[in-house]
Every structure is written in structure tokens, then in C-alpha cells.
Amino acid sequence: DAVFSNAALHWVCDHDAMLAGVYRALKPGGRFVAEFGGHGNIAAIQVAIRAVLARRGWETNIRRYYATEAEYAARLTKHGFSVLEVALNQRTTPLPTGIRGWLETFERATIDRIPERERESFLREVEHLLRPEVCDVEGQWTAHYVRLRFRAETTPNPQSLIPHP
């Protein structure tokens, strides 16, 4: 009847395969509702991480997918969904563990690629770059999330709309 996802789809490597699987799993008229990182999500954080990686001559590819509204609506449509709603929403989110806690949680794949002896200096440099943009005068760090929310459904099978006696 329905598939729901929250804060996970931006980690999916192959959205076409995932959408094909969701479509197959749903019956005609089934609903797919989700929210995940959208275009512009954590932009300052991403730029700082990439800048530090590039300055050190390391791979700058961060493996996440942040789509625009139009891009994802087209992708859903291509896979047989009728798009009922799609929107980007800004959500400023306080980081109680600071940017360091956030990086150690959500950038684990990036940090683990860095030589162990250089991880601490990498984290300090990213933190230094971000402080003017995402930390206020009282020391509260904030992430600027952009979430893509959508509601879509599979095309109903005309036979399923005929009432049964």
C-alpha cells in the first residue's frame, strides 16, 4: 500500500534501481512518501570539507545525492509514479555536539579515508573554516538543511477501480 522514507534517500547510490524496486513493491495506486536531503543541503559544510580535502590533494567526492524539485519529479515520473507533491524546505538545525560531533557522525566515510595521523588536523581545519558561517557568537553550531519532500503514487490499474460485487 505504501512506502515511507525519512532522511535516508540521499545516501542511495542508484536512485533509478531504488525507484524501480519501490514501484515493483507497490500495488496500483500505492503511495511513496519521503523526505531526504535536497539541492543545497548543508552547502557550507560540503564546501568546507571539499576545500580541505582538495588543499591536501585528497579525493573530493562526497557520496550523497541532493536533487532539485524538478529533477526528482522527472525521475519519479520516469519510473511510473504520478507526482502529487514535491518541495524543497529549509530547516535550520542546531547541532548540540557542535560541528565536530556532526562531522564524526555523518562524515564517517570521508574521515575514514583520511590517514589516521591527519584526521585531527583535518577536523580542526574544517571546523575553523565553518566557524564564521555556522557558529554564532554564543558558540552554537547550526546546520542549514534543505529537505526534499515528495508524495507520489503508482498509476492505478483501471481494473482495480471497478467495484467488486
Side-chain angles (χ1 to χ4, degrees), residues 1-95 99 101-114 122 126 129-130 133-134 141-164:
D1 290 328
V3 171
F4 172 76
S5 178
N6 184 38
L9 298 182
H10 50 269
W11 301 106
V12 172
C13 294
D14 187 343
H15 275 253
D16 290 321
M18 179 271 301
L19 288 170
V22 169
Y23 189 88
R24 280 191 311 273
L26 289 168
K27 65 184 183 182
R31 295 165 290 142
F32 184 20
V33 178
E35 177 181 290
F36 65 105
H39 186 73
N41 191 49
I42 61 166
I45 296 171
Q46 296 243 104
V47 168
I49 292 168
R50 283 192 174 104
V52 174
L53 291 170
R55 190 186 71 67
R56 294 171 180 231
W58 296 330
E59 170 63 47
T60 60
N61 185 24
I62 298 173
R63 293 166 184 87
R64 283 189 285 274
Y65 173 63
Y66 297 140
T68 65
E69 294 160 270
E71 176 185 355
Y72 215 72
R75 193 178 286 262
L76 286 161
T77 301
K78 175 181 146 189
H79 287 279
F81 290 94
S82 296
V83 179
L84 305 174
E85 178 182 339
V86 61
L88 287 172
N89 299 285
Q90 306 289 325
R91 190 175 78 218
T92 302
T93 304
L95 303 176
I99 195 63
W102 189 94
L103 290 167
E104 290 174 342
T105 301
F106 296 107
E107 286 300 326
R108 194 80 255 153
T110 300
I111 292 168
D112 288 347
R113 292 190 333 236
I114 295 170
F122 168 81
V126 171
L129 280 175
L130 286 170
E133 300 305 319
V134 295
W141 290 86
T142 304
H144 297 88
Y145 287 128
V146 177
R147 309 317 271 176
L148 180 71
R149 293 181 188 159
F150 68 84
R151 285 186 318 117
E153 63 183 26
T154 59
T155 306
N157 179 340
Q159 296 298 323
S160 69
L161 300 178
I162 299 171
H164 295 288

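Computation of the quantities below employed the complete heavy-atom set of this structure, encompassing side-chain atoms and omitting hydrogens, waters and symmetry-equivalent molecules. Please read these numbers as outputs of a predicted model, since none were measured by experiment.
Within 6.0 Å of the CZ atom in Arg31, the count of heavy atoms belonging to other residues, nucleotides or ligands does not exceed 12. Atom CG of Asp112 sits in a crowded spot, with more than 12 heavy atoms from other residues, nucleotides or ligands closer than 6.0 Å. The neighbour count for His39 NE2, taken as heavy atoms of other residues, nucleotides or ligands under 6.0 Å away, does not exceed 12.
Scanning all heavy atoms of the two residues, the minimum distance from Val86 to Ala73 falls at CG1-CB, 4.1 Å. Between Ala143 and Ile45, the shortest heavy-atom contact is CB-CD1, 4.3 Å. Here the shortest heavy-atom pairing between His144 and Glu133 reads CE1-O, 4.2 Å. In this structure, Arg147 and Ala7 approach most closely via the heavy-atom pair NH2-CB, 3.5 Å. The two residues Val134 and Ala44 have their closest heavy-atom pair at CG1-CB, 4.4 Å.
You'll find the side chain of Trp102 reaches within 4.5 Å of the side chain of Ile42, heavy atoms only. The side-chain heavy atoms of Arg24 and His79, taken from C-beta on, include no pair separated by under 4.5 Å. Side-chain contact between Asn41 and Arg64 is absent, with no heavy-atom pair separated by less than 4.5 Å. Thr92 has its side chain out of reach of Tyr145: every pair of non-hydrogen atoms, C-beta onward, lies at least 4.5 Å apart.
Phe36 and Tyr65 have parallel rings, their planes meeting at less than 30° on a 0 to 90° scale where 60° marks the start of perpendicular.
To the nearest 0.5 Å, atom CG of residue Leu76 and atom CD of residue Glu153 are 12.0 Å apart. Between atom CG of residue Leu95 and atom CG of residue Leu130 there is a gap of 10.0 Å, rounded to the nearest 0.5 Å. Rounded to the nearest 0.5 Å, atoms OG1 (Thr77) and CG (Leu19) are 10.5 Å apart. Summarising the geometry, atom CD1 belonging to Ile114 is positioned 12.0 Å from atom CD belonging to Glu59; distances are rounded to the nearest 0.5 Å. Within the model, atoms NE2 of His10 and CD of Glu35 stand 10.0 Å from one another, a figure rounded to the nearest 0.5 Å. Interatomic distance, CG of Leu148 versus CD of Glu71, reported as 9.0 Å (0.5 Å rounding).
In this structure, the side chain of Thr154 does not engage the main chain of Phe81 through any donor-acceptor pair within 3.5 Å. When atom types are taken as modelled, the side chain of Ser82 and the backbone of Thr155 share no donor-acceptor pair closer than 3.5 angstrom. The main-chain N or O of Leu9 is found under 3.5 Å from a side-chain atom of His15 such that the two form a donor-acceptor pair.
With sequence neighbours excluded, the residues that form a side-chain contact (heavy atoms from CB on, under 4.5 Å) with Arg63 are Asn61, Arg113.
Partner of Phe32 under the ring-ring contact (aromatic ring centres under 6.0 Å, His included) criterion, out of Phe150, Tyr72, Phe4: Phe150 alone. Across Val52, Leu53, Leu103, a single residue satisfies side-chain contact (heavy atoms from CB on, under 4.5 Å) together with Thr110, and that is Leu53. The only member of Asp14, Asp16, Val22 that meets side-chain contact (heavy atoms from CB on, under 4.5 Å) when paired with Met18 is Val22.
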